[in-house]
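Below is one structure, written out as structure tokens; comments come after it.
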Amino acid sequence: MGDVLAGFHAAWEFESDSVLIRYERGIRTPKLFQALGERRVPLEAIEGVTLTPGRRGTVVLRVQPRAGADPLIEAAAGQLKESGDPYRLVLPAERETLAEYYADELRALLTETGKTERYLVAAPEAPLHFKAYDGKASFDGEAVSFRWFWTGASSAKWKAGDQSFPVADLGGVEWRSPEMFEGYLRLLPRDAAPPAVPAVPAAPAVPQADQDPAAVVFGLGYGLVHESLPFAAAVLAAVRERSAGTPVPVPVPAPRRDPADIAERIRHLGELHQQGLVTDEEFSSKKAELLAEL
């Protein structure tokens with residue numbers, strides 16, 4: 001093999017051991033594809049190939065990744081729209097015969113099925129960050145940090161303060177698409193199994209995302225799929241590597257805060273105190289923490 005099949009928004013290069021998917025850049029290309037850039041999918045990560053009719057004179061060539069092979073798909077948990085599926089190649093109908101040829105050639109090379117023991121498709125590389133509605137999420141490869149926005153964060157999150165979660169303390173990630181109702185990104189502690197996409201409201205024992213310091217909430221223009229999903233996939237991959245015993249470098253200490261930022265946060269904390277949302281003890285304690293960051 002080694003040939004290239006170009007379609008709308010992407011081109012697939014068929015190699016002896018993998019499929020290299022290069023996504024186009026352009027205003028009509030889904031932003032998730034642009035964010036991914038390109039992905040190499042080993043043949044051992046694929047368990048099936050389909051070719052089906054598409055819309056408006058097109059055909060769709062799709063490879064089916066094995067369960068557990070791709071952290072992006074695992075993080076998405078079935079929430080991606082069809083048009084945002086990175087494993088679909090849409091082609092003009094006149095290329096159906098050519099697409100069928102490549103589909104048959106690819107099927108002949110597939111030998112693996114079932115759930116994989118490790119990720120076979122590389123996750124997006126850190127550092128990564130995005131803006132949620134109530135804070136900024138950052139991941140440097142070693143730890144996830146949440147820095148709250150005073151305009152959006154709840155008093156519960158302000159009381160808890162900015163958060164940092166070392167990968168070693170995490171067990172997974174729960175991503176609920178911003179294109180669905182009440183989207184969010186929640187970090188799960190070690191030994192907690194990642195839940196399925198909730199079809200009903202979370203149990204009372206689980207805090208709502210806007211009250212949970214281990215979660216950031218999305219909103220209109222915040223936590224967009226092409227920003228928050230690659231972020232979630234990168235964290236998942238790091239957690240899996242850590243649990244497998246892969247050595248991880250010691251994190252570099254965070255730089256000291258901007259004094260103006262500290263002053264603004266203390267001012268907002270004072271407003272919460274005056275409104276009775278923060279006790280005298282909580283106000284004094286949190287103010288001391290902020291001053292210590294100078």
Side-chain angles (χ1 to χ4, degrees), residues 10 12 14-21 23 30 32-33 35-52 60-90 102-125 128 139 167 170-177 179-180 183-200 202 225-226 228-246:
W12 289 12
F14 299 91
E15 302 180 350
S16 61
D17 62 349
S18 62
V19 177
L20 178 61
I21 303 177
Y23 302 102
L32 176 60
F33 295 178
L36 295 175
E38 70 174 41
R39 315 191 81 203
R40 184 175 296 278
V41 184
L43 297 185
E44 62 177 322
I46 302 172
E47 66 178 7
V49 185
T50 61
L51 180 64
T52 57
V60 179
L61 179 64
R62 185 181 189 277
V63 296
Q64 174 64 46
R66 295 168 61 193
D70 185 351
L72 188 86
I73 297 302
E74 185 171 328
Q79 298 174 81
L80 283 177
K81 293 181 177 179
E82 185 180 76
S83 60
D85 183 350
Y87 288 99
R88 294 173 76 251
L89 180 66
V90 182
Y102 283 115
D104 289 341
E105 289 288 302
L106 190 55
R107 289 190 192 100
L109 296 175
L110 302 182
T111 59
E112 305 292 337
T113 59
K115 185 176 177 61
T116 64
E117 295 182 355
R118 59 186 178 87
Y119 291 133
L120 301 174
V121 181
E125 296 184 358
L128 294 169
F139 178 52
V167 168
L170 298 177
V173 173
E174 180 185 2
W175 181 79
R176 186 177 177 89
S177 174
E179 296 177 346
M180 301 174 68
Y184 58 81
L185 172 72
R186 191 194 306 272
L187 303 177
L188 304 176
R190 179 177 286 276
D191 300 325
V197 179
V200 296
V225 171
H226 69 280
S228 61
L229 181 57
F231 185 102
V235 176
L236 268 183
V239 170
R240 178 75 64 88
E241 289 176 3
R242 168 71 74 163
S243 64
T246 304

Original post:
What's the spacing between Trp12 CH2 and Leu20 CG if we round to 0.5 Å?
Top reply: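 Here the interatomic distance stands at 11.5 Å.
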
Minimum-distance pair of heavy atoms, taken over all atoms of [X] and [Y]:
| X | Y | result |
| --- | --- | --- |
| Ala75 | Ala232 | CB-CB, 4.1 Å |
| Arg242 | Arg190 | CG-NH2, 3.9 Å |
| Ala76 | Leu80 | CB-CG, 3.9 Å |
| Val239 | Gly172 | CG1-N, 4.2 Å |

Would a 4.5 Å heavy-atom cut-off, applied to side chains only, mark [X] and [Y] as touching?
| X | Y | value |
| --- | --- | --- |
| Ile73 | Pro86 | yes |
| Ser177 | Val225 | yes |
| Val121 | Tyr87 | yes |
| Phe33 | Ile21 | no |
| Leu188 | Val173 | no |
| Leu32 | Pro230 | yes |
| Glu47 | Leu110 | no |

**OP:** Give the intermediate values and the outcome of side chain to side chain contact (heavy atoms under 4.5 Å, CB included) for residues Trp175 and Leu236.
**Re:** CA-CA 11 Å; Trp175 181 79; Leu236 268 183; over 6 Å; no

**OP:** Please check if the side chain of Arg66 supplies one atom and the backbone of Gly114 the other of a donor-acceptor pair under 3.5 Å.
**Re:**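 Indeed, once roles are kept as given, a pair shorter than 3.5 Å links the two residues.
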
**OP:** Determine yes or no for a side-chain-to-main-chain donor-acceptor pair under 3.5 angstrom, with Tyr23 supplying the side chain and Ala35 the backbone.
**Re:**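 Not confirmed, Tyr23 side chain does not pair with Ala35 backbone.
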
**OP:** Only pairs at least two apart or in different chains count here, so list each side-chain hydrogen bond (donor to acceptor under 3.5 Å, both in side chains) that has a residue in residues 110-122.
**Re:**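 Checked against side-chain hydrogen bond (donor to acceptor under 3.5 Å, both in side chains) - neighbours excluded - the pairs reaching residues 110-122 are Glu74-Tyr119, Tyr119-Arg240.
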
Original post:
Of all residues at least two apart in sequence or in a different chain, which pass the side chain to side chain donor-acceptor pair (under 3.5 Å) check with Arg40?
Top reply: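 Residues passing side chain to side chain donor-acceptor pair (under 3.5 Å) with Arg40: Glu15, Ser18.
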
Original post:
What pairs with Gln64 under side chain to side chain donor-acceptor pair (under 3.5 Å), at least two apart in sequence or on another chain?
Top reply: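 For Gln64 the side chain to side chain donor-acceptor pair (under 3.5 Å) partners, ignoring immediate neighbours, are Arg62.
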
Subject >> Working for side chain to side chain contact (heavy atoms under 4.5 Å, CB included), residues Val167 and Val235 >> reply: CA-CA 8 Å; Val167 168; Val235 176; 5.7 Å; no

Restricting to salt bridge (Lys or Arg N to Asp or Glu O under 4.0 Å), what partner residues turn up for [X], sequence neighbours left out?
| X | answer |
| --- | --- |
| Arg39 | Asp70 |
| Glu38 | Arg22 |
| Glu82 | Arg88 |

Subject >> Sequence-distant partners of Leu128, side chain to side chain contact (heavy atoms under 4.5 Å, CB included), two or more places apart >> reply: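 With neighbours one apart ignored, the set is Pro124, Phe231, Ala234.
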
Subject >> side chain to side chain contact (heavy atoms under 4.5 Å, CB included) partners for Ala103, two or more places apart >> reply: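 Ala103 satisfies side chain to side chain contact (heavy atoms under 4.5 Å, CB included) with Val49, Leu61, Arg107 only.
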
**OP:** Start with the C-alpha distance between Val60 and Leu89, add both sets of side-chain angles, then the distance that settles side chain to side chain contact (heavy atoms under 4.5 Å, CB included), and finish with yes or no.
**Re:** CA-CA 6 Å; Val60 179; Leu89 180 66; over 6 Å; no

**OP:** For Phe139, enumerate each residue passing the ring-ring contact (aromatic ring centres under 6.0 Å, His included) test, keeping only those at least two apart in sequence or located in another chain.
**Re:**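 Here no residue qualifies.
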
**OP:** Check Leu109, Val63, Leu120 against Leu43 for a side-chain contact (heavy atoms from CB on, under 4.5 Å) and give me the one that passes.
**Re:**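 With Leu43 as partner, side-chain contact (heavy atoms from CB on, under 4.5 Å) holds for just one option, Leu109.
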
